[in-house]
Every structure is written in structure tokens, then in C-alpha cells.
Asks: 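Okay, here's the structure, questions in a sec.
Chain A is the first sequence line, chain B the second, and so forth, proteins listed ahead of strands; every chain is numbered from 1. Just so we're clear, the structure is a prediction, and the values are computed from it rather than from any experiment.
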Protein chains: 2
Amino acid sequence: MSRPPETTAGLPTEPTQARRFGKTRTAQSTAIAEDYAELIADLLASVGEARPTDIARRLGVSHATAIKTVARLKREGLATSRPYRGVFLTEAGEALAARVKSRHRLVVDLLRAVGVPAEAAEQDAEGIEHHVSDVTLAAFEKYLRK
Amino acid sequence: MSRPPETTAGLPTEPTQARRFGKTRTAQSTAIAEDYAELIADLLASVGEARPTDIARRLGVSHATAIKTVARLKREGLATSRPYRGVFLTEAGEALAARVKSRHRLVVDLLRAVGVPAEAAEQDAEGIEHHVSDVTLAAFEKYLRK
DNA sequence: CGGAAAGTGTAGCTACGACTACAATTCAGG
DNA sequence: CCTGAATTGTAGTCGTAGCTACACTTTCCG
Ligand SMILES: [Mn+2]
Ligand SMILES: [Mn+2]
Ligand SMILES: [Mn+2]
Ligand SMILES: [Mn+2]
């Protein structure tokens, strides 16, 4: 019943390290979808509609890029849209947006709690949020409650 | 002397949000270079050489992928290598590796300090480390010292 | 109500990072 | 020393995410 060690000579074991890097790569591929979902939900809630141009302006990309990525979200069952109408989220898309939003808040709160200035916390959270596992998230919550 | 507001109706202001997303995108494009630099430095220190196959195994990618990315590091002045010899780091590459390594450690330490279990901390740090600004890093250090 | 402006969509390009398949080189055992 | 295994390198393909340029709708005003 002995498992292989997780580290040798300072370095983690090969399979362990490969798994970690692999998960990080996966997270990066979902990061964009998550940001789009969150932003679309925010726009729908605050403006009432999510137009490709608005999405593009918010993200700081060209409208062509935004439209292409929305097409990917549609392919993945997260969004819907019809030509010259705004973008909407499917149930799956809304669920994702909700999860992402709460994660975003939690990460910002944790950063603030350990003394990170507001603007840096907001900035860094935008990237960090996509790499925080559920286990870590739970630890953040527990820490913040105390 | 009045600056434009950073938020309106819950959402950050357009230019603010666009800047944040843009920085996150940049961070993601440098993340891979950072991990390669850190790993090559570790291999050089612990094994004495950094072979493409070893790099590939550690990262969990094919050797072809590793070789191509090393080529990019060379193009960017971070690494050197000659056919069928191992990979080495330039001064710039070593400097990057050192910075990345200390950041990695700090992020893990911070996560552990707020109660994240060891393996989750290691896993998540691998992604988070690329999105932690100097300001946040300084805050982490200060928090850990107390 | 008819344009012009704004918004939307498409085409075609680049760069990156991943892969497989195959070619070339190095290196160890016999 | 020579030959086969391991390593290294290269070619070609895919998907994602950017961009600009251009075409097509919609919408808003005069
Ligand atoms: Mn984000
Ligand atoms: Mn976010
Ligand atoms: Mn990393
Ligand atoms: Mn790292």
C-alpha cells in the first residue's frame, strides 16, 4: 500500500509535476470562456443586453475577436445568439458565470484580507481566479470566516 | 485634477476593465516561458543538464513541443542550445528563473499560511504564480513575516 | 424616409502551443 | 567497431486567440 513519493531531491516526481503542469494548461484554456461568461452575465444584469461591441470594449479586444470567441461559447453550449441580436447565456452558461463570479469575489476578498491593496487585488484576481481549485476555495472561505 | 471613476453600477469602468484583462492575457503568454526557465534551472542544478526529453517528461508534453518552445526561449534571449546538446540559460534566463522560483515559493507559503492543504497549494501555485504582481508579492511577504 | 453612422459579420492573416510521424544523430553493449 | 535503442530534430496539422480590412445590417436623425 505504499504510494510513490511526490518529491525527490527537491524536485517533485515526474508524473506529479507533469500532472500539475497539465492541469494548469487546462485551466488556461478555460480561463477565456470563464471571463466571457462572467462578463456577459454582468452586462445582461446591468445593461439588459450583451452586444459584441460592448463585450469587445470591456475585454480590450477587437469586435471580430469577441464574435469569434462567442461562436466558441455557442459551440460549447454556453451561449446563444442570432445575427445582429445580442448574446445570451444558456443554463450552463449562467451556471458557469455564477460560479466564476463567486470565485472572483472570494479571491479578491482573500487578497484584501492578507493586505493586498484594492487595485492590485482586483487586477491579480482576474488572472488568479482561473487557477484556484475547490479545495483552495474552501480554505479561503474558512479563513475569511474567522 | 479629477480622475475618471474606476467603477460604475457595480461594473468597473471600460478602460479599467480592458486594462485588467489585457494584463492577464500578457501574463498568460509569459507563463509558459516562466515555467520552462524555472524547470531548466532546476534540472541544471539537480541533474547537471537539461535535456529536451527530460523537460518534456516533466512538463507532460511531447518532446517536439518542448523543443519548439525552447526555440522560442532562444529567440527571446533566455536560453541557448546546440543540436544534440542540452539546454542552458542565458543570464537573462537565469535571472527570470530565480525570480519565478522565489515567487513560486512565496505563493505556496502564502497559500499554506491561510490554510490550503499542501498538495492543493502546490497545484494551484503552479498557475497562480504567473498572475501575482510585485505589489501583491510584497503584501504576501509582509503577511508571512508577521 | 433616406442616408450616414454605428454595429455586426466574414475573410484572411499571424503566432503560439499542442500533436503525430518520420528522419537524423548519438551513444552503449556486445 | 558496429549496430540498434534512445534521443533529438523537423515537417506538417490542428485549434485558439489575436489582428486588419472589408462587406453587410440596423438604427438613428435630419
Ligand atoms: Mn479572469
Ligand atoms: Mn473575473
Ligand atoms: Mn507555473
Ligand atoms: Mn512554478
Side-chain angles (χ1 to χ4, degrees), chain A residues 14 18-40 43 47-88 126-127 130, chain B residues 14 18-40 43 47-88 126-127 130:
Chain A
E14 255 170 40
R19 183 170 29 76
R20 284 183 196 156
F21 282 123
K23 277 193 191 166
T24 299
R25 279 193 299 273
T26 303
Q28 281 180 178
S29 103
T30 60
I32 295 207
E34 291 183 347
D35 283 339
Y36 271 75
E38 186 184 1
L39 175 58
I40 291 167
L43 285 171
V47 184
E49 55 180 6
R51 298 291 189 149
T53 300
D54 294 335
I55 298 172
R57 258 202 303 265
R58 289 270 168 194
L59 292 169
V61 300
S62 75
H63 78 276
T65 296
I67 287 172
K68 250 193 215 164
T69 303
V70 167
R72 189 190 130 200
L73 297 194
K74 288 165 73 173
R75 225 184 317 136
E76 293 174 354
L78 295 170
T80 60
S81 80
R82 294 208 334 283
Y84 298 98
R85 302 295 144 197
V87 180
F88 297 93
E126 203 51 72
H130 309 287
Chain B
E14 255 171 39
R19 182 170 29 76
R20 284 183 195 157
F21 282 122
K23 278 193 190 167
T24 298
R25 277 193 300 272
T26 303
Q28 281 182 177
S29 103
T30 61
I32 294 207
E34 291 183 346
D35 284 339
Y36 270 76
E38 186 184 1
L39 175 59
I40 290 167
L43 286 171
V47 184
E49 56 181 5
R51 297 293 191 146
T53 301
D54 295 334
I55 298 172
R57 258 202 304 265
R58 289 270 168 194
L59 292 169
V61 299
S62 75
H63 78 276
T65 297
I67 287 172
K68 249 194 215 162
T69 303
V70 167
R72 190 190 127 200
L73 297 194
K74 288 165 72 172
R75 225 184 316 138
E76 292 173 355
L78 296 171
T80 61
S81 80
R82 295 208 332 283
Y84 298 98
R85 303 294 142 194
V87 181
F88 297 93
E126 203 50 72
H130 309 288

Asks: If the condition is side-chain hydrogen bond (donor to acceptor under 3.5 Å, both in side chains), which residues does A/E34 pass it with, not counting sequence neighbours?
Replies: A/R103, A/H130

Asks: Got a sec, which pairs hit salt bridge (charged side-chain N to carboxylate O under 4.0 Å, His left out) with one end in residues 63-74 of chain B, sequence neighbours left out?
Replies: B/R72-B/E76

Asks: Stems in DNA chain C: runs of 3 or more consecutive Watson-Crick or G-U pairs, distances under 3.5 Å?
Replies: C:1-30 with D:1-30

Asks: Ignoring hydrogens, what is the shortest heavy-atom contact between B/V61 and B/A66? Give both atom names and the distance.
Replies: CG2-N, 4.2 Å

Asks: Which letters describe nucleotides 7-17 of chain D, given B = protein heavy atom under 4.0 Å from base, S = only from sugar-phosphate, - = neither?
Replies: SBBB-BB--SS

Asks: Using side-chain hydrogen bond (donor to acceptor under 3.5 Å, both in side chains) as the criterion, list what pairs up with B/R57, not counting sequence neighbours.
Replies: A/E14, B/D54

Asks: Within the 3.5 Å criterion, strictly below it, is a donor on B/T65 or B/S62 matched to an acceptor on the partner's side chain?
Replies: yes

Asks: Just the endpoints, please: which first and last nucleotides of DNA chain C, 5' to 3', lie under 4.0 Å from a heavy atom of chain B?
Replies: C/dC16 to C/dC27

Asks: Considering only heavy atoms from C-beta outward, does the side chain of B/L78 approach that of B/Y36 to under 4.5 Å?
Replies: no

Asks: Please tell me if the side chains of A/R51 and A/V87 come closer than 4.5 Å, counting only heavy atoms from C-beta onward.
Replies: no

Asks: Show, in sequence, the C-alpha distance, side-chain angles and deciding distance for B/T69 and B/L59, and conclude whether the side chain to side chain contact (heavy atoms under 4.5 Å, CB included) test is met.
Replies: CA-CA 12 Å; B/T69 303; B/L59 292 169; over 6 Å; no

Asks: Check whether any side-chain heavy atom of B/R58 sits under 4.5 Å from a side-chain heavy atom of B/L43, and report yes or no.
Replies: yes

Asks: Counting distance only, does the side-chain N/O of B/S29 pair as donor-acceptor with the main-chain N or O of B/R25 below 3.5 Å?
Replies: no

